[in-house]
Asker: 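Below you will find the structure I want to go over with you.
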Amino acid sequence: MTTTAPPQAQTGPTSQVEHVTPNQAERWLADDNISNRNIREHRVAAYARDMTAGRWMFNGESLKFDIDGVLLDGQHRLAAVARSGVTAPFVVVRGLPPEAQDTVDIGAARTMADALSLRGEPGAAALAAIARRIVRWERGVTTQGGAGYVTPAEVLVYIEDHPELRRAVQVAQMSRGAVPAAPSAVASAYHLCASLDVPGAERFYVDQLIKSVGLQEGDPALALQRKLQRAMNSDGRQMHPDDAFRFAVLAWNHFRAGTRISKLQAPKGGWTAANIPIPK
């Protein structure tokens, strides 16, 4: 007597760790990426930088495919693999229902400040903000967003390589309420200038700008205080942090040169990549 084997039960989604090569990433993007948001170029470039530099870390986040093999999540990571030429391990989940895409990335994102707090770093939010600004500066990017996106790995590497950044966090904390500007902008300028002259940076940013010790007419720190104060709107909003950072560096350069000034002004026509002040 012949018996018919019962149909196999639906196994549901599966997952496994796969080492995704650049060629495989390109094939998935070309053949299976038919239902996703537009690629964010700056995010791909940032991930690719981490992969090329060996900073990309396997953390269990998955690439997700539905029951028809359509890519639901992971296009930016795959594009970075293809661009960097680096093979990277990922958890690959297959067999998800198509509607699962509606629930991807809607939870509360863990910020860099959260990660630093978990490491026990005091002033974690300020530390993250300062490190991001300095990393952008070192890449030649002077604005936030877009090309100015900095990855968590870049922030962590910079902090680990520059323990003196903790002093900048203290400067940020002292400036809060004493200087009408974003503390991270003031502290970032301090950090860059302290890399040239620690005693000078302490005198200019801490003693003069923050504590107003011995300020006299013509002192660049006094001109900076007034510039930042005048820039405040009637509702108390401060100068944009990018501009506050630039004026803080500009005032420092006058301080270092021994220049007496009554006011600070942006270059005629506004700030451009060619006239952003560089600490001297």
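Values in this document were obtained by computation on a predicted structure and should not be read as measured data. Count residues from 1 along the sequence.
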Asker: Under 3.5 Å, side chain of Asn275 to main-chain N/O of Gly270, donor-acceptor pair present?
Answerer: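 Side chain of Asn275 to backbone of Gly270: a pair is present.
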Asker: Report the C-alpha distance between Arg27 and Gln24 in whole Å, list the side-chain angles of each, state the deciding distance to 0.1 Å, and finish with yes or no for side-chain hydrogen bond (donor to acceptor under 3.5 Å, both in side chains).
Answerer: CA-CA 5 Å; Arg27 287 197 296 272; Gln24 181 63 73; 3.0 Å; yes
Asker: Is it possible for you to say whether Met51 and Val91 belong to one hydrophobic cluster, with membership spreading through side-chain heavy-atom contacts below 4.5 Å?
Answerer: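 No, no single cluster joins them.
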Asker: With heavy-atom distances below 4.5 Å as the criterion, would you say the side chains of Gln225 and Gln208 are in contact?
Answerer: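 Side-chain contact under 4.5 Å: no.
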Asker: With side-chain contact (heavy atoms from CB on, under 4.5 Å) as the test, would you mind laying out the steps for Tyr158 and Val150 before giving the verdict?
Answerer: CA-CA 11 Å; Tyr158 190 87; Val150 177; over 6 Å; no
Asker: Taking the side chain as everything from C-beta on, heavy atoms only, tell me whether Phe204 gets closer than 4.5 Å to Pro220.
Answerer: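 Result yes, sub-4.5 Å side-chain heavy-atom pair found.
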Asker: Roughly how far, to the nearest 0.5 Å, is the CD1 atom of Ile34 from the CG atom of Leu72?
Answerer: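 Between Leu72 CG and Ile34 CD1, I get 9.5 Å after rounding to 0.5 Å.
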Asker: Has the side chain of Arg94 got a donor or acceptor atom that lies under 3.5 Å from a matching backbone atom of Gln16?
Answerer: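 The answer is no, because no donor-acceptor pair under 3.5 Å joins these two groups.
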Asker: Working to the nearest 0.5 angstrom, can you tell me the gap between Thr151 OG1 and Tyr47 OH?
Answerer: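 One finds 9.0 Å between OG1 of Thr151 and OH of Tyr47.
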Asker: First locate atom CG of Asp32, then atom CD of Gln75, and finally report the distance between them rounded to the nearest 0.5 Å.
Answerer: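 Answer rounded to 0.5 Å: 12.5 Å.
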Asker: Which one of Val179, Ile261, Leu264 satisfies the side chain to side chain contact (heavy atoms under 4.5 Å, CB included) criterion with Leu224?
Answerer: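 Between Leu224 and the candidates, side chain to side chain contact (heavy atoms under 4.5 Å, CB included) is satisfied uniquely by Leu264.
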Asker: So, for Leu165 and Ala131, which heavy atoms are closest and what is the spacing to 0.1 Å?
Answerer: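 The pair with the smallest heavy-atom distance is CD2-CB, 3.9 Å.
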Asker: Could you check whether Glu202 pairs with Lys211 (Lys NZ or Arg NE/NH1/NH2 to Asp/Glu carboxylate O, under 4.0 Å)?
Answerer: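 A salt bridge is absent here (no side-chain N lies under 4.0 Å from a carboxylate O).
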Asker: If you apply the rule side-chain hydrogen bond (donor to acceptor under 3.5 Å, both in side chains), what do you find for Gln229 with Arg226, and how did you get there?
Answerer: CA-CA 5 Å; Gln229 188 64 49; Arg226 290 171 174 170; over 6 Å; no
Asker: Within the structure provided, determine whether Ile159 and Leu116 are in side-chain contact (heavy-atom separation under 4.5 Å).
Answerer: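 With C-beta onward as the side chain, the pair touches.
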Asker: Write down the atom of Ile210, the atom of Ala178, and the distance for their closest heavy-atom approach.
Answerer: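 Closest heavy-atom pair between Ile210 and Ala178: O-CB, 3.8 Å.
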Asker: Under a 4.5 Å cut-off applied to non-hydrogen side-chain atoms, are Cys193 and Arg256 in contact?
Answerer: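 Heavy-atom side-chain distance check fails, nothing below 4.5 Å.
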Asker: Decide side-chain contact (heavy atoms from CB on, under 4.5 Å) for Glu217 and Arg260; before the verdict, give the C-alpha distance in whole Å, the side-chain angles of both, and the deciding distance to 0.1 Å.
Answerer: CA-CA 8 Å; Glu217 287 296 330; Arg260 309 297 293 174; 5.7 Å; no
Asker: Take Arg55 and Arg49, measure what side-chain contact (heavy atoms from CB on, under 4.5 Å) needs, and give me the verdict at the end.
Answerer: CA-CA 8 Å; Arg55 292 189 298 259; Arg49 285 197 309 271; 4.1 Å; yes
Asker: Please name the pair of heavy atoms, one in Val249 and one in Ala189, separated by the smallest distance, quoted to 0.1 Å.
Answerer: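 Looking at all heavy atoms of both residues, the closest pair is CG2-CB, 4.0 Å.
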Asker: Taking the side chain as every heavy atom from C-beta outward, state whether Val206 and Arg167 have any pair of such atoms under 4.5 Å apart.
Answerer: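 Yes; the side chains approach each other to less than 4.5 Å.
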Asker: Taking all atoms of both residues into account, what is the closest heavy-atom pair of Thr21 and Thr87, and its distance?
Answerer: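 The answer is CA-OG1, 3.6 Å.
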Asker: Heavy-atom count around Leu118 CG within 6.0 Å, excluding the residue itself: above 12?
Answerer: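 It does: Leu118 CG has more than 12 such atoms within range.
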Asker: Report yes if some heavy atom in the side chain of Glu121 is under 4.5 Å from a heavy atom in the side chain of Val169; otherwise report no.
Answerer: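 The answer is no; the side chains never approach within 4.5 Å.
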Asker: Could you tell me which non-hydrogen atom of Ala221 sits nearest to which non-hydrogen atom of Leu215, and how far apart they are?
Answerer: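 Reported closest heavy-atom pair: CB-CD2, 3.8 Å.
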Asker: Kindly compute the distance separating CZ (Phe255) from CZ (Arg203), expressed to the nearest 0.5 Å.
Answerer: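 Output value for this atom pair is 4.5 Å.
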Asker: Indicate yes or no for a side-chain donor-acceptor contact from Asn59 to the backbone of Glu61 under 3.5 Å, with no hydrogens or angles considered.
Answerer: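 A pair under 3.5 Å: yes.
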Asker: For the residue pair Phe245 and Ser184, establish whether any side-chain heavy-atom pair is separated by less than 4.5 Å.
Answerer: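 No, every pair of side-chain atoms sits at 4.5 Å or beyond.
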Asker: Go through the steps for Glu26 and Leu29 under the test side-chain contact (heavy atoms from CB on, under 4.5 Å), then give the verdict.
Answerer: CA-CA 5 Å; Glu26 289 176 352; Leu29 289 169; 5.7 Å; no
Asker: Between Ser188 (side chain) and Ala185 (backbone), is there a donor-acceptor pair under 3.5 Å?
Answerer: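 Absent.
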Asker: What heavy-atom pair brings Ala88 and Trp56 nearest, and what distance separates the two atoms?
Answerer: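 Residues Ala88 and Trp56, closest heavy atoms: CB-CD1, 4.3 Å.
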Asker: Count I, L, V, M, F, W, Y as connected when their side-chain heavy atoms are under 4.5 Å apart, and connections chain through other members. Are Met57 and Val81 then in the same cluster?
Answerer: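 No, because Met57 and Val81 fall into different hydrophobic clusters, even though each may have its own neighbours under 4.5 Å.
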